[in-house]
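All remarks here apply to the structure that follows.
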2 protein chains.
Amino acid sequence: MLVPGKTSGRAGIADVARLAGVSIGTASKALNDRGQLREETRARVQAAAEQLGFIPSSVATSLLTGRTFTVGLIMTDHHGRFSLPVLHGAEDALGWAETLAFVCDTRDDPIREQHYVRSLLGRRVDGIIVAGRRAEARPPLITRAPVPVVYAFARSADEGDCSVVTDEEGGAVLAIEHLVRTGRRRIAHVTGPHGHASAIARVAGVSRALRAAGLEPVGDPWYGGWSEVWGRFAAAALTREHPDVDAVFCGSDTIARGVADGLRESGRRVPEDVALVGVDNWAPIAEECRPPLTSVDLNLREVGRQAGRLLLQAIENGHTPGVHSVDCQLVVRSSSAPASGRT
Amino acid sequence: MLVPGKTSGRAGIADVARLAGVSIGTASKALNDRGQLREETRARVQAAAEQLGFIPSSVATSLLTGRTFTVGLIMTDHHGRFSLPVLHGAEDALGWAETLAFVCDTRDDPIREQHYVRSLLGRRVDGIIVAGRRAEARPPLITRAPVPVVYAFARSADEGDCSVVTDEEGGAVLAIEHLVRTGRRRIAHVTGPHGHASAIARVAGVSRALRAAGLEPVGDPWYGGWSEVWGRFAAAALTREHPDVDAVFCGSDTIARGVADGLRESGRRVPEDVALVGVDNWAPIAEECRPPLTSVDLNLREVGRQAGRLLLQAIENGHTPGVHSVDCQLVVRSSSAPASGRT
DNA sequence: GCGGTTGAGGAAAAGGGTTTCCGCCGGTAG
DNA sequence: CTACCGGCGGAAACCCTTTTCCTCAACCGC
């Protein structure tokens with residue numbers, strides 16, 4: 001039942017106070033368990049608030065305290081394959097509904113990005129998270145931002161900023177160690193475009209892990225694209241040039257799926273003849289692959305969680321510069337089962 | 001250069017006014033092109049604002065005007081395949097950065113949802129969009145909401161609410177008409193689980209379109225799951241039971257991809273022997289399919305755009321109840337090219 | 001009986017803008 | 001010379017809630 005009281009049509013604390021027969025200040029104290037009030041008064045006020053469906057305006061308290069319990073989340077990959085898990089992680093860290101996130105999709109347009117930043121700043125967000133896939137370190141969002149900024153997944157070029165990234169090199173090491181452990185010896189690496197930062201990091205991990213295991217790589221890394229077509233092509237070429245290959249580590253699940261199809265069509269069995277590991281652990285690809293694909297999970301949700309935690313920390317205690325790294329995780333499916341007769 | 005003026009560390013309009021040598025009221029008028037001021041004064045104030053990097057706090061104006069230029073976007077499908085395009089469309093309608101959206105992922109948990117709703121209401125959002133895939137109409141978010149609510153893609157069970165949905169039945173008609181137009185006569189339909197609302201709508205569309213074309217369906221609709229495995233299985237069974245089939249309309253791109261693989265492995269060529277159309281137009285699947293897949297696009301972005309527009313309209317002029325339908329769009333790729341020798 | 005103490009609740013300021021209303025000043029017309 | 005008017009800019013109210021400070025009354029002990 002609406003009370004004709006205030007302009008907005010919504011009950012304000014003044015309406016609650018009037019209904020309970022107390023002053024505004026007293027009502028506030030009753031609702032926030034502050035001050036010294038008789039229990040009876042407190043209950044009366046709370047009943048009144050309940051009856052009116054009173055929800056306090058955080059706009060007013062924000063104005064008062066200077067904190068909005070609001071952050072901006074800027075994403076640059078509009079399909080959300082990378083930003084969404086980051087958002088989920090951030091939500092975890094920010095507490096369900098404790099702090100809410102304005103999500104802004106820049107569509108990789110710097111003008112739009114600046115618009116959004118200005119808008120966020122005008123709304124007095126407590127901080128900003130910049131999420132999104134980008135091979136290289138990205139230019140800082142803004143110089144001398146009046147609120148903390150944390151970069152998630154895409155790291156800032158400015159070392160004084162705070163970034164959270166995945167340890168892609170470590171992820172590659174994980175994959176190779178797994179293959180070696182399951183008895184593979186002739187391991188090839190098929191990946192994305194030459195010069196792509198992710199490709200570079202993973203190649204480095206592959207070299208390191210192979211060296212540590214005392215193995216020679218099977219040819220140079222195969223650079224191409226991130227597509228299935230490339231994977232199929234590479235599989236055909238690979239089996240032709242290196243018939244003894246017994247495992248392929250792929251720079252993405254998409255490539256790996258192409259490789260799986262290519263191998264099957266060249267008469268190789270997966271995993272019996274050749275084991276396969278991808279990267280991304282992207283369910284619709286990895287799980288539908290024939291056979292289901294072992295994959296390196298980039299742990300993006302944890303990246304988001306860390307970013308959220310660091311942001312909160314920066315808001316409360318000040319800036320924590322540096323690059324924070326999150327480990328990858330290997331998700332084992334059947335594509336890398338040990339070949340029969342091996343360890 | 002920070003001015004020691006105010007508490008927050010950020011320049012306020014008082015700082016600007018002081019620097020420009022005018023009163024606060026005058027400064028406000030100068031910055032908002034309001035009132036009668038000498039051009040010189042206006043310029044002086046604007047220069048001061050520029051120098052201080054002044055960004056007005058929309059918290060303050062929101063408190064004053066009662067409008068926050070903020071909406072809530074509640075999503076229920078956490079992979080975002082459906083909600084994200086809706087978000088993008090909504091962003092289009094809300095104007096880049098004019099109105100920002102709090103994005104809340106409920107993970108299909110009603111408790112979390114209520115938390116978020118309360119939080120949004122406390123933040124005095126101007127309206128709420130509920131997005132997300134759900135087969136059936138969903139229960140209303142809240143009864144007697146103090147702000148307008150628009151349901152996007154998942155429609156509300158309450159007819160008095162405002163919902164925007166895609167015309168899934170119409171999408172199926174589009175697909176069948178396309179197949180008929182390119183000379184196919186023996187058209188089968190492979191879809192998801194029996195009883196699923198989307199499956200039901202599409203089956204209805206298929207029947208209608210086939211009847212209109214004077215064709216008999218090839219057997220009953222094939223109900224199964226939304227997976228590739230099901231598609232492969234169905235393809236094998238289909239070619240066995242109906243060797244004369246020359247087209248398959250699939251309930252999703254994933255199924256269609258499975259069917260494509262299954263057909264190829266049964267010795268049928270796509271599209272020469274059998275044409276294929278999917279639903280979703282989900283790029284990573286449709287484009288990587290062999291051959292690239294013709295697909296019915298659900299036009300989710302447009303759904304989001306409509307939802308945004310309707311919400312804005314509801315905020316400004318009041319409620320517009322009813323279910324608004326958005327047409328699907330057929331995206332033609334090579335999987336449905338006319339067989340050689342046909343029209 | 002009176003001062004001190006404590007418990008309960010009210011009054012008012014604050015926070016950062018916008019807007020309305022008002023006053024001042026200079027120019028112009030009567 | 002005075003009255004009026006228009007241009008320009010300032011003072012203050014207002015939005016909603018929290019919080020601090022204050023008042024008032026009752027009760028206690030001496």
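A, B, ... follow the sequence lines: proteins, then strands. Residue 1 opens every chain. Heavy-atom basis, side chains included; hydrogens, waters and symmetry copies ignored.
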Between dG10(D) (P) and Arg18(B) (CZ): distance, integer Å: 14 Å
Distance, rounded to the nearest Å, where Ile55(B) contributes CD1 and dG16(C) contributes P: 15 Å
Spacing between Leu31(A) atom CG and dT18(D) atom P, to the nearest angstrom: 7 Å
Leu64(A) CG to dT17(D) C1', straight-line distance once rounded to whole Å: 7 Å
4.5 Å side-chain heavy-atom contact, Thr70(A) and Arg123(A): no
Nearest-Å distance for atom pair CG/C1', residues Asn32(B) and dG9(D): 16 Å
Parallel, tilted or perpendicular, as decided by the 30° and 60° cut-offs, for the rings of Phe153(B) and Phe82(B): tilted
N/O (side chain, Arg34(A)) to phosphate O (OP1/OP2, dT18(D)) under 4.0 Å: no
Below 4.0 Å: OP1/OP2 of dG17(C) and any side-chain N or O of Arg124(A): yes
Closest non-hydrogen atom pair, Ala11(A) against Phe54(A): O-CD1, 3.4 Å
Distances for protein N or O near nucleotides 7-10 of chain C N or O, under 3.5 Å:
| from | atom 1 | to | atom 2 | distance (Å) |
| --- | --- | --- | --- | --- |
| dG9(C) | OP1 | Arg38(A) | NH2 | 2.7 |
| dG9(C) | OP1 | Thr41(A) | OG1 | 2.8 |
| dG9(C) | OP2 | Arg38(A) | N | 3.2 |
| dG9(C) | OP2 | Thr41(A) | OG1 | 3.2 |
| dG10(C) | OP2 | Ser23(A) | N | 2.7 |
| dG10(C) | OP2 | Ser23(A) | OG | 2.8 |
| dG10(C) | OP2 | Thr26(A) | OG1 | 2.6 |
| dG10(C) | O6 | Lys29(A) | NZ | 2.8 |

Touch class at under 4.0 angstrom, heavy-atom based, for Ile13(A) against every strand present: sugar-phosphate
Global bending angle along the helix from dG1(C)-dC30(D) to dG30(C)-dC1(D), which compares the axes of five pairs at either end, to 10 degrees: 70°
From CD1 (Ile129(A)) to CG (Leu141(A)), nearest 0.5 Å: 12.0 Å
Close side-chain approach of Arg107(A) and His88(B), heavy atoms under 4.5 Å: yes
Presence of salt bridge, Glu113(B) and Arg138(B), under 4.0 angstrom: yes
Residue pairs involving residues 300-323 of chain A (criterion salt bridge (charged side-chain N to carboxylate O under 4.0 Å, His left out); sequence neighbours excluded): Arg67(A)-Glu316(A), Asp92(A)-Arg301(A), Asp92(A)-Arg305(A), Glu302(A)-Arg305(A), Glu302(A)-Arg309(A)
Listed nucleotide nearest any side-chain atom of Ser28(B), set dC16(D), dG17(C), dT18(C): dT18(C)
Least distance between heavy atoms, Arg42(A) atom then Asp33(A) atom: NH1-CA, 3.3 Å
Rounded distance in Å - CG (Asp33(B)) to P (dT19(C)): 12 Å
Separation of atom CG in Leu63(A) from atom C1' in dA14(C), rounded to whole Å: 9 Å
pair Leu84(B)-Met75(B): side-chain heavy atoms closer than 4.5 Å: no
